[in-house]
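First the structure, in the form of structure tokens, and then the observations on it.
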Amino acid sequence: MDDILLQDAEIYKVAIIGFGPKGLYAFERLVATIKNLNSSNQIEVHLFNRTRFLGAGDVYRNDQPEYLLMNYPNYKIDFNTSEGPKMICSLPSFVDWLKQTQNTKGNSVATSYAPRATVGTYLTYCFTEICNALGTNITVVTHEDTVLDVQISEKKYMIKTVHKDWMLQELFHHIMCTTGHFWFRPAQPKELQNKSAIDFIYPVSETLKTIPSQASVIIKGFGLTFIDAVLALSEGRGGTFKSNKNGSLNYSPSGNEPKEIAVISRSGLPMIPREASSDQEVELQFFTESFVEKILTCKQVDFKKSILPVILKEFYHAYYSKLFHSKNWKCEDPHTFENFQNEVEKFHRIHEEERFSWELIENYFHANPLLTTEMVVQKIREDIDVVTNQKAITAVFNCWPKMSSLFNKIYSAAVLTSESKKLFDRYYFGVFNRISYGPPMQNMKKVLALSEAGLLNFNFVKNAHLKQIDASKEYVLTTELNRSKFTYLINATIPRGTKKENKSTLFENLLSRGILSEKKQQEPSKNDSLGIRLTETGKAINSEGKIVETFTFYGTPTEGNTFDNDTLSRTRNNTASAWAQNVAEEFNLFHTLKSKT
């Protein structure tokens, strides 16, 4: 037995905790970097994932229904990276893979929105191909298990999981943590779970089957997760959508749906739908690299005073540039914003077009403290019409995705004042997401059809009071105009790292052991957190303020330090490449020292 442990101790071991897309990207960078060393020394890479969907994770698992679609088009999905060292095998882009595997042709493939399950199958395919191309010195060990705790043992890490408890014979030299939104999902004992409340809807087919037909349901949240929940409770139960000649949809119920689905949210505003064929590249005029560089020279910056005005300038310019183009209006001197504004006034003296209004974009219902189903349904119709006919306002919707990568530099540099960072996290993050990262048009048309069929109730969507009656376990929604009882509550919001209560068991244990530490606020808050302390390359900072060189985070767990961790982006907030390089250097050093002993 001692000989086995000695032999095991001589193998360099790495753990990746959480193996969705970010874990897969980190794995790819690691094996490419190790191969580039031309070493014959052995390394073991242990992959921990809660489910069997390696590379896909919860979001893209390939057993989910086909009606759960991506919210950005196929041409933006590509596993490949041009970064060195070179990938160990050649892989097709998602569009090319679709053409090869599904016999699809034409340009429409690129601009379509694929089911998330199909993207998951692509990611799993990429993982399999990489594993098939591994050298003999790289061993992959997979664990379908949830990591609960980590502790340091002789400068290495010991891992505790749900099924294996402490893995005493596996000591790891490096850990990469890419646990996605599970990082912000607190554990709750089954005996304390409320059966009438569903806190996380995925996987939808399994989780939502506990809701009986003809039940009265509340959905908290009006974003992408809301759409997934609604479709699972309608189309997922046998209901069908039929297309009309004008492009609209009608819904035919199966009888297995809930009796009523009431929606509650903060703003009462639906997300703006997207059409890939209308995605346009916007050339930024004001929110530029030079502007960001200037902001980064400041010690403290107020978002609302110094950054938002420039964003609004960009929106204003995009709106009128598209409007001018639609009317063949030539702007004589657009070189300054003031001149551009003068040109706008000339334009409006001739053309009776709607003026740009940030107030209406930001909060269309700002003058309405209470809303009705009819008001919200009409807003959905208007949004569908605006995007379908590519009206000038769509140029505004296309602006933020272009700006967000630049804004990420400001956010990650920690120059925003504490209060303005809170304001952005709590409010503007949601506003920009709503107007720029909405669902594909087809799914918003389905929401409209379900509303017109009477399944969706928006009378409580804004400023409703929610209360659970202990005796009956029913939920009551109340506004100044309406009061109704419901039997189920679905949380369709995504947990983020800005709330103290949003901590998984692993998160809590790492904090309690001092391996991690949280950012300190100038004014402590009971509910808000600024996130965990990390270096720019994602390395943990422990309770003593020291950098933990061998514990790195990537993706969603870095929220509070980084902005907009796009799950499929290989470049946004990429800590994987530096981590892979660090592991390779330590791996070399480990074997150099071992050869001298």
Side-chain angles (χ1 to χ4, degrees), residues 20 50-51 53 57-61 63-65 67-69 116-117 146 162 179-239 253-254 256-266 270-271 439 443 446-447 450 455-458 460-461 464-477 484-496 499 501-505 556:
R50 296 172 51 248
T51 65
F53 303 99
D58 283 346
V59 176
Y60 304 105
R61 52 189 294 164
D63 67 339
Q64 60 189 307
Y67 54 76
L68 300 183
L69 302 180
R116 291 205 294 269
T146 300
V162 168
T179 47
H181 289 292
F182 186 73
W183 180 250
F184 299 127
R185 213 179 308 156
Q188 191 177 33
K190 286 187 177 181
E191 61 270 17
L192 297 180
Q193 292 176 7
N194 183 350
K195 293 182 180 180
S196 66
I198 295 171
D199 198 48
F200 190 74
I201 72 168
Y202 302 104
V204 294
S205 299
E206 181 68 22
T207 305
L208 299 184
K209 71 180 183 181
T210 58
I211 297 177
S213 62
Q214 300 307 305
S216 52
V217 178
I218 300 168
I219 296 183
K220 178 184 177 183
F222 203 5
L224 298 174
T225 308
F226 150 79
I227 294 175
D228 289 352
V230 164
L231 293 182
L233 292 171
S234 54
E235 188 173 8
R237 295 192 170 194
S254 66
N256 297 318
E257 301 88 349
K259 177 177 65 177
E260 175 187 22
I261 299 174
V263 186
I264 58 174
S265 71
R266 285 182 293 182
M271 298 191 84
N443 275 0
K446 288 181 178 181
V447 170
L450 291 170
L455 182 61
L456 300 181
N457 176 358
F458 296 114
F460 300 96
V461 76
H465 176 69
L466 172 65
K467 183 180 180 180
Q468 185 175 20
I469 303 172
D470 291 334
S472 63
K473 300 297 182 182
E474 289 182 314
Y475 299 91
V476 177
L477 283 178
S484 292
K485 292 182 179 180
F486 300 85
T487 50
Y488 285 86
L489 173 65
I490 297 173
N491 184 358
T493 62
I494 294 295
R496 297 189 68 224
K499 293 294 180 184
E501 68 269 21
N502 292 341
K503 295 176 185 172
S504 67
T505 302
T556 301

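By convention here, the first residue in the shown sequence is residue 1.
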Practice item. Say whether, by atom type as modelled, one donor and one acceptor occur between the side chain of Ser254 and the main chain of Arg237 under 3.5 angstrom. Key: yes

Practice item. Verify, without hydrogens or angle tests, whether Thr487 (side chain) and Ser216 (backbone) share a donor-acceptor contact under 3.5 angstrom. Key: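 Looks like yes, one N/O pair under 3.5 Å.
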
Between [atom1] of [X] and [atom2] of [Y], what distance do you get to the nearest 0.5 Å?
{"X": "Ile490", "Y": "Ile261", "atom1": "CD1", "atom2": "CD1", "value": "7.0 Å"}
{"X": "Glu206", "Y": "Gln64", "atom1": "CD", "atom2": "CD", "value": "14.0 Å"}
{"X": "Leu69", "Y": "Asn443", "atom1": "CG", "atom2": "CG", "value": "4.5 Å"}
{"X": "Leu68", "Y": "Thr225", "atom1": "CG", "atom2": "OG1", "value": "10.5 Å"}

Testing the basics here: between [X] and [Y], what is the closest heavy-atom pair and its distance to 0.1 Å?
{"X": "Phe222", "Y": "Phe458", "answer": "CZ-CE2, 3.4 Å"}
{"X": "Ser484", "Y": "Phe460", "answer": "OG-CZ, 3.7 Å"}
{"X": "Thr493", "Y": "Gly221", "answer": "CG2-CA, 4.0 Å"}
{"X": "Arg50", "Y": "Asp58", "answer": "NH1-OD2, 2.7 Å"}
{"X": "Ala492", "Y": "Ile219", "answer": "CB-CG2, 3.6 Å"}
{"X": "Ala215", "Y": "Pro258", "answer": "O-CB, 3.2 Å"}

Can you find a heavy atom in the side chain of [X] that is under 4.5 Å from one in the side chain of [Y]?
{"X": "Thr210", "Y": "Lys195", "value": "no"}
{"X": "Asp63", "Y": "Phe53", "value": "yes"}
{"X": "Glu257", "Y": "Leu233", "value": "no"}
{"X": "Ile198", "Y": "Ile211", "value": "yes"}
{"X": "Val59", "Y": "Arg116", "value": "yes"}
{"X": "Phe226", "Y": "Met271", "value": "no"}
{"X": "Leu450", "Y": "Leu231", "value": "yes"}
{"X": "Ile469", "Y": "Lys485", "value": "yes"}

Revision key, fill the gap. Between Ser234 and the options Asn256, Leu456, Leu455, the side-chain contact (heavy atoms from CB on, under 4.5 Å) test singles out Leu455

Exercise for review: Apply side chain to side chain contact (heavy atoms under 4.5 Å, CB included) to the pair Leu466 and Leu489, showing each step before the final yes or no.
Suggested key: CA-CA 10 Å; Leu466 172 65; Leu489 173 65; 4.0 Å; yes

Practice item. Compute the centroid of each ring, for Tyr202 and then for Phe200, and state whether the two points are separated by less than 6.0 Å. Key: yes

